[in-house]
Colleague: 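Okay, here's the structure, questions in a sec.
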Amino acid sequence: VTDARAPVIAGAAEGSLGVTGKTILELQAEATVAALDDAGLSLRDVDGLFTTGVSRFSGPQVAEYLGILPTWIDATMAGGASYEMFVGHAAEAIRSGRCEVALISYGNNQRSARSRKLGGVVDEHAPDAQFEMPYGPLSPISLYAMAAQRHMHEFGTTSEQLAEVAVAARAWALRNPKAFKHDAGPITVDDVLASPLVSDPLHALDCCLITDAGGAIVMTTAERARDLPKPPIKVLGHGETTTNVGMSQIPDLTATGARVAGERAYAMAGLGPQDVDVAQLYDSFTITVVLELEALGFCGRGEAGEFVTKGRVAPGGDFPMNTSGGGLSYTHPGIFGIFLLIEAVRQLRGECGERQVPNARTALCHGTGGILSTHSTVILGVDR
Amino acid sequence: VTERPIAAADHCTQEWWDATREERFLVQRCVACGTRQHYPRNICTACGATELVYDQATGRATVYSHTTVRRAPHPAFTPPYVVALVRLEEGPVVLSNIVGAGQVRCDMPVRLVWEDLPDGRKLPLFTGE
């Protein structure tokens, strides 16, 4: 007996990427149309909507723009982890019968709109406005910089090792025609170290891109997906947690909430890190990946600096990771999470051309949001 | 000179900011469980109790981590300057600037100093021992 209501991903697609001049809602609608087309479904099938980052009323705003009347809405705003959370939340809603077809959509025009600010967005009534913003941290960069500094202090991690993450991401992007840096050529460790320091020890090339982009995922039941064109991608496990909003409130700079999120996802899937064929780990900064690799159990605590060297995470290495080129070289429109999922789906379907990981059957996506604030892991699988 | 971006004190933080005028750095302590926390709140983050009192911090602290900021997020700041997470002797970690300390490193001891704000409040900063 098959599990008829098992949640699956039936469609995944980007809309426009790069410098588009388009609005957030246009980017969302383009991606939605593309993902529904990929799934073989239409807007009329959608009864669950999962979106954020549009406006104060993101869920209703997107529903109105698309002309849908969803009966299940989730607009959780947890920064970069939101979209891995949405997959987990949509999976529960589908399994329990609260919705049949879930649309998970995102769009951001921050490069065209020049809406990104070095100091981040400050809510005047939040405690940070009294206790942290007076000191002039760059947000989020300075918190990740302090995590890198502490990791270097505790474990001897080097700037050269962090740079390897950016070098590998670029090498993958050269194999992804949609990547923002596809035609920009390779970079070396020396290139990263020679790029300007922004917040020590992070250089400009340790930081993700700033781009526009839209992306969407369509989820439904295994039963419904049997009649759809693409092989269904099963949601095997999900976990999430939140640890802090303020910089001073983080429990530990080098042991993040990714451990809890990952453990819960592995337990639900009945899998462990050794079972993952391809990993999509949120690379807002090079240090983010180092912290995720350790917290998710791909290596021991303090070992990720060494782990990423010698081309292990680059094309041809034995740990295929961020195969799209990641936030560092493919796209980064404020929240990268949905693009981790889109690439994982494509890898599991075998659609990735020259960057395809052979026989990829299990993928792990991990979103990290805010200033190491929010953490969500999704484990996906495909039957072959 | 452009002033630092800093929000006004509110109902929950007024007493804390008032103490800075006398160069006293207050740290909340839960009467029920003894846990210390910063920033000020009306609930204990360890046990959920709501009776909290203030103790005066010694001003001794160590650097948990630090970063030199190379680009200004606001006209008040002139890079490069040091932003740090500093662990108070009492336990809580605070964000601050480290001034006049030369080379900053993790785990180095620092001590509290004060900067005048235009409205009479003072802002806690840290410097080398």
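Chain A is the first sequence line, chain B the second, and so forth, proteins listed ahead of strands; every chain is numbered from 1.
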Colleague: Looking at every heavy atom in both A:G136 and B:P73, which two are closest together, and how far apart are they?
Modeller: O-CG, 3.6 Å

Colleague: I need the B:H74 NE2 to A:L138 CG distance, nearest 0.5 Å.
Modeller: 13.0 Å

Colleague: Of the backbone (N, CA, C, O) and the side chain (C-beta and beyond), which part of B:V94 lies under 4.5 Å from a heavy atom of chain A, both, or neither?
Modeller: backbone

Colleague: At a 4.5 Å cut-off on heavy atoms, which part of B:H66 comes close to chain A: side chain, backbone, both, or neither?
Modeller: both

Colleague: With a 4.5 angstrom heavy-atom cut-off, could you sort out which part of B:V63 is near chain A: side chain, backbone, both or neither?
Modeller: backbone

Colleague: Students often mix this up, so state it plainly: with edges at 30° and 60°, are the rings of A:F131 and B:W17 parallel, tilted or perpendicular?
Modeller: parallel

Colleague: With only heavy atoms counted, which part of B:P124 is less than 4.5 Å from chain A, the side chain, the backbone, both or neither?
Modeller: both

Colleague: Please confirm whether the backbone N or O of A:L253 pairs with a side-chain atom of B:Y64, one donor and one acceptor, at under 3.5 Å?
Modeller: yes

Colleague: As an exercise, state the distance from OG of B:S96 to CE of A:M247, rounded to the nearest 0.5 Å.
Modeller: 13.0 Å

Colleague: Give the member of A:P201, A:G246, A:P134 that has the highest number of heavy-atom pairs under 4.5 Å with chain B.
Modeller: A:P134

Colleague: Counting heavy-atom pairs closer than 4.5 Å to chain A, which one of B:D10, B:V86, B:L117, B:D107 comes out on top?
Modeller: B:D107

Colleague: Is the closest side-chain heavy-atom distance between A:Q249 and B:Y39 below 4.5 Å?
Modeller: yes

Colleague: Tabulate, in ascending numerical order, the residues of residues 143-154 of chain A having at least one heavy atom closer than 4.5 Å to a heavy atom of chain B, or enter 'none'.
Modeller: A:L143, A:A145, A:M146, A:Q149, A:R150, A:H153

Colleague: Tell me, out of A:G119, A:S139, A:P127, who's got the most heavy-atom pairs with chain B below 4.5 Å.
Modeller: A:P127

Colleague: For B:E51, does the CD atom have more than 12 heavy-atom neighbours from other residues, nucleotides or ligands under 6.0 Å away?
Modeller: no

Colleague: Check whether B:F77 gets within reach of chain A through its side chain, its backbone, both or neither, counting any heavy atom under 4.5 Å.
Modeller: side chain

Colleague: Heavy-atom pairs under 4.5 Å with chain A are the metric here; pick the option from B:T45, B:L125, B:L95 that has the most.
Modeller: B:L95

Colleague: Crowded around B:R4 CZ? As in, over 12 foreign heavy atoms under 6.0 Å?
Modeller: yes

Colleague: Verify the neighbour count for atom NZ of B:K122: are there more than 12 heavy atoms of other residues, nucleotides or ligands below 6.0 Å?
Modeller: yes

Colleague: Given side chains that start at C-beta, do those of B:R70 and A:V198 come closer than 4.5 Å, heavy atoms only?
Modeller: no

Colleague: So which part of A:D123 gets closer than 4.5 Å to some heavy atom of chain B, the side chain, the backbone, both or neither?
Modeller: neither

Colleague: When only pairs under 4.5 Å are counted, which of B:A72, B:C12, B:A9 shares the most heavy-atom pairs with chain A?
Modeller: B:A9

Colleague: Go through B:T13, B:V93, B:I6, B:T68 and name the one with the most non-hydrogen pairs under 4.5 angstrom from chain A.
Modeller: B:T68

Colleague: Looking only at side-chain N and O atoms, does B:T67 offer a donor or acceptor that is under 3.5 Å from a partner on A:S199?
Modeller: yes

Colleague: Answer yes or no: is there a side-chain heavy-atom contact under 4.5 Å between B:V69 and A:P137?
Modeller: no

Colleague: Measuring only between side-chain heavy atoms, which start at C-beta, is B:P5 closer than 4.5 Å to A:V122?
Modeller: no

Colleague: At a heavy-atom separation under 4.5 Å, does B:R41 approach chain A through its side chain, its backbone, both, or neither?
Modeller: side chain

